There are 2 protein chains.
Amino acid sequence: MDNSSANINALDALIQALRRLPGVGLKSASRMAFHLLQHDRAGAQIMAQALANAASQVLHCSQCNTFTQNEVCNTCSDVQRDQTRLCVVETPADQLALERTGAFKGLYFVLMGKLSPLDGIGPNEIGLKKLFQRVQTSPIEEVILATNFTAEGETTAHVISEGLKARSIKVTRLARGVPIGSELEYVDLGTIAHALVDRR
Amino acid sequence: MDNSSANINALDALIQALRRLPGVGLKSASRMAFHLLQHDRAGAQIMAQALANAASQVLHCSQCNTFTQNEVCNTCSDVQRDQTRLCVVETPADQLALERTGAFKGLYFVLMGKLSPLDGIGPNEIGLKKLFQRVQTSPIEEVILATNFTAEGETTAHVISEGLKARSIKVTRLARGVPIGSELEYVDLGTIAHALVDRR
């Protein structure tokens with residue numbers, strides 16, 4: 001009560017902090033803060049602890065660059081995986097999607113982003129040097145490019161592909177084609193054209 | 001490195017914690033965690049501190065029930081405000097919306113919710129006892145009900161209105177009518193009917 005300017009400071013600070021989350025504006029942040037303070041204070045404490053822990057403990061795997069708390073992540077240290085195939089993905093979420101298919105038993109390299117010169121993200125920011133080094137110092141025979149099929153993802157795949165061709169490594173790309181369950185009528189023309197060219 | 005089961009624990013714990021936020025599912029929580037760890041670790045620490053501070057420091061105003069770090073909030077302790085009028089709102093955000101109009105100079109009571117029996121929110125959960133006590137122990141002449149014009153908001157307004165009538169306090173409700181800037185053609189019939197009845 002000795003400091004009336006501190007009246008709403010903790011609440012305002014929380015709202016401002018929540019706005020740092022992607023896709024969260026002032027109204028969402030206010031609603032989140034209200035929910036936590038009114039209905040889930042224990043949750044707010046748990047979240048505070050989880051944020052502090054993750055920010056201080058989560059590192060990047062020295063092999064594949066993904067998030068881990070160890071020097072080398074579980075996937076990279078699994079000797080049962082095929083050490084000759086390396087799949088390059090943009091994010092841990094992409095890696096998880098591939099893992100869930102159960103169709104790939106090799107290793108990964110997680111770029112943690114994609115080339116985007118306009119946002120100041122160049123080859124150094126997405127660890128291309130680390131990727132090329134890894135390919136040269138391990139028994140990798142094939143690199144599978146599984147970056148997204150967006151403009152930036154394609155550019156990233158192209159740059160990696162050029163870099164690896166110079167090192168005479170086999171480079172493949174996920175197949176483009178018509179998604180399962182879709183009707184041709186509603187599929188975009190570029191996809192149909194690719195599916196025609198890559199028919200089997 | 002001595003504990004391989006802790007490999008992704010800090011990250012998973014963070015994702016689970018972020019899912020406590022309203023409107024945030026698994027994919028959003030993963031994207032938020034990825035963003036914070038990859039691009040804004042300092043932000044994660046700031047957010048952790050803000051959450052811990054708010055959860056431990058933010059109290060409810062003993063007068064109006066809103067969030068504050070003091071015994072009585074700034075609005076309630078402002079002697080320049082009209083002490084005879086009390087506006088009842090659901091949330092601090094609603095109070096802020098009214099404050100921004102500059103059209104009300106009285107005091108507020110913030111329910112911090114609305115009656116919603118199906119969700120287990122009854123009169124005690126939204127502090128109706130505190131409201132009735134306050135009305136009886138202070139020089140309030142008029143209570144303005146500014147709960148939302150939803151089913152729950154209307155029910156809440158009705159219950160408060162009945163409670164206050166028994167205490168012979170003047171009770172008013174925000175006017176229903178056509179919003180400024182809207183075309184009658186696109187306004188729902190209930191609103192137009194109300195605007196007709198309440199014409200002036």
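Since the model is a prediction, treat every value here as computed from it, not as a measurement.
- Remark: A:Asp12 CG to B:Phe67 CZ distance equals 12.0 Å, nearest 0.5 Å.
- Grouping the Ile, Leu, Val, Met, Phe, Trp and Tyr side chains by contacts below 4.5 angstrom, directly or via other members, places A:Leu96 apart from A:Met112.
- Of the atoms belonging to B:Leu37, heavy atoms from both backbone and side chain fall under 4.5 Å from chain A.
- A:Val178 and A:Leu174 are members of different hydrophobic clusters when ILVMFWY side chains are connected at heavy-atom separations under 4.5 Å.
- Scanning both residues, B:Val58 and A:Arg41, for their nearest heavy atoms gives O-NH1, 2.6 Å.
- The CG atom of A:Asn9 sits 10.5 Å away from atom OG1 of B:Thr68, with the distance rounded to the nearest 0.5 Å.
- To the nearest 0.5 angstrom, B:Leu11 atom CG is 8.0 Å from A:Thr66 atom OG1.
- Hydrophobic clustering keeps A:Ile192 apart from A:Phe149 (ILVMFWY residues linked when any side-chain heavy atoms are closer than 4.5 Å, directly or through intermediates).
- Contacts of A:Leu14 with chain B are made by both backbone and side-chain atoms, with heavy-atom separations under 4.5 Å.
- By the neighbour-count criterion of 12 heavy atoms within 6.0 Å, atom NE2 of B:His39 is densely surrounded, having more than that number from other residues, nucleotides or ligands.
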A:Leu21 vs B:Met47, test: side-chain contact (heavy atoms from CB on, under 4.5 Å). Steps then yes/no. CA-CA 9 Å; A:Leu21 294 170; B:Met47 206 180 295; 3.9 Å; yes
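- At a 4.5 Å heavy-atom cutoff, the contact between A:Ala52 and chain B is made by backbone and side-chain atoms alike.
- Of all the listed residues (A:Leu36, A:Ile15, A:Leu18, A:Leu51), the one sharing the greatest number of non-hydrogen pairs under 4.5 Å with chain B is A:Leu51.
- Among B:His35, B:Gln57, B:Gln38, the residue making the largest number of heavy-atom pairs under 4.5 Å with chain A is B:Gln38.
- Linking Ile, Leu, Val, Met, Phe, Trp and Tyr whenever their side-chain heavy atoms come within less than 4.5 Å puts A:Leu26 and A:Val24 in one cluster.
- Chain B forms the most heavy-atom pairs under 4.5 Å with one residue out of A:Ala48, A:Ala50, A:Ser77, A:Ser30, and that residue is A:Ala48.
- Looking at heavy atoms from C-beta onward, A:Arg31 lies out of side-chain contact with B:Thr91 at the 4.5 angstrom threshold.
- Residues A:Leu86, A:Val88, A:Leu107, A:Phe109, A:Leu111, A:Leu115, A:Ile121, A:Ile126, A:Leu128, A:Leu131, A:Phe132, A:Val135, A:Ile140, A:Val143, A:Val159, A:Ile160, A:Leu164, A:Ile169, A:Val171 make up the rest of the hydrophobic cluster containing A:Leu145, defined by ILVMFWY side-chain heavy atoms closer than 4.5 Å, directly or through other members.
- Considering only heavy atoms from C-beta on, A:Ile46 stays 4.5 Å or farther from B:Gln16 through its side chain.
- Not a single donor-acceptor pair under 3.5 Å links the side chain of A:Gln45 to the backbone N or O of B:Ala55.
- Other residues, nucleotides and ligands contribute over 12 non-hydrogen atoms within 6.0 Å of the CG atom of A:Leu196.
- Counting heavy-atom pairs closer than 4.5 Å to chain B, the top residue among A:Ala33, A:Ala44, A:Gly23, A:Ser56 is A:Ala44.
- Per-residue counts of heavy-atom pairs under 4.5 Å with chain A were compared for B:Gln49, B:His60, B:Lys27; the largest is that of B:His60.
- Linking Ile, Leu, Val, Met, Phe, Trp and Tyr residues whenever their side-chain heavy atoms come within less than 4.5 Å leaves B:Val72 and B:Leu59 in two separate clusters.
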